[in-house]
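Below: the structure, in structure tokens.
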Amino acid sequence: MLFRSRTFFGRGGTSLTYERDDPPDSIGIHTATLDDPDAFPPVREIWLDEKIAWMEPNPRFPHHPRTSRG
């Protein structure tokens with residue numbers, strides 16, 4: 001996975017957004033950085049091929065080894 005760009009919070013360095021080469025028309029936003037992250041609950045789990053080995057997927061959500069697009 002290649003990243004085109006990432007943005008970070010200026011004071012603490014927290015990652016805010018990222019753009020990947022695939023798909024080129026989307027921007028990922030880290031929801032935990034929003035003022036009200038509860039307004040955007042998860043609806044699926046993606047990129048499970050890249051997950052930390054000890055992390056268990058949440059059985060309530062659809063799972064995708066990579067992107068959920070097509």
Side-chain angles (χ1 to χ4, degrees):
M1 170 176 18
L2 297 174
F3 288 98
R4 269 191 286 162
S5 68
R6 290 178 180 252
T7 62
F8 298 89
F9 182 65
R11 291 186 188 197
T14 300
S15 179
L16 300 173
T17 68
Y18 57 90
E19 291 180 78
R20 295 190 326 262
D21 286 335
D22 178 31
D25 60 342
S26 69
I27 296 173
I29 301 171
H30 298 284
T31 55
T33 64
L34 299 174
D35 289 339
D36 185 10
D38 287 332
F40 299 94
V43 295
R44 62 186 167 266
E45 290 188 324
I46 61 173
W47 295 99
L48 291 178
D49 280 355
E50 307 289 331
K51 76 174 185 62
I52 298 170
W54 49 259
M55 187 187 95
E56 292 296 323
N58 188 322
R60 295 183 306 165
F61 303 121
H63 299 124
H64 303 275
R66 297 189 64 82
T67 181
S68 61
R69 291 182 176 202

**Message:** Measuring from atom CD of E45 to atom CZ of R60, what distance do you get when rounded to the nearest 0.5 angstrom?
**Reply:**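 Reported value, rounded in 0.5 Å steps: 9.5 Å.
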Quick one: closest heavy-atom pair of [X] and [Y], and the distance?
X: N58; Y: H63; answer: O-NE2, 2.8 Å
X: R44; Y: F61; answer: CA-CB, 3.8 Å
X: P37; Y: A32; answer: CB-CA, 4.1 Å

**Message:** Starting from I46, can I reach I52 by hopping between I/L/V/M/F/W/Y residues whose side chains sit under 4.5 Å apart?
**Reply:**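 Different clusters.
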Check residues 8-15 and write down every donor-acceptor pair under 3.5 Å in which the side-chain atom is one partner and the other belongs to a residue at least two apart or another chain.
{"unit_1": "S15", "atom_1": "OG", "unit_2": "H30", "atom_2": "NE2", "d": "3.1"}

**Request:** Determine, stepwise, if the pair E19 / T7 fulfils side chain to side chain contact (heavy atoms under 4.5 Å, CB included).
**Result:** CA-CA 9 Å; E19 291 180 78; T7 62; over 6 Å; no
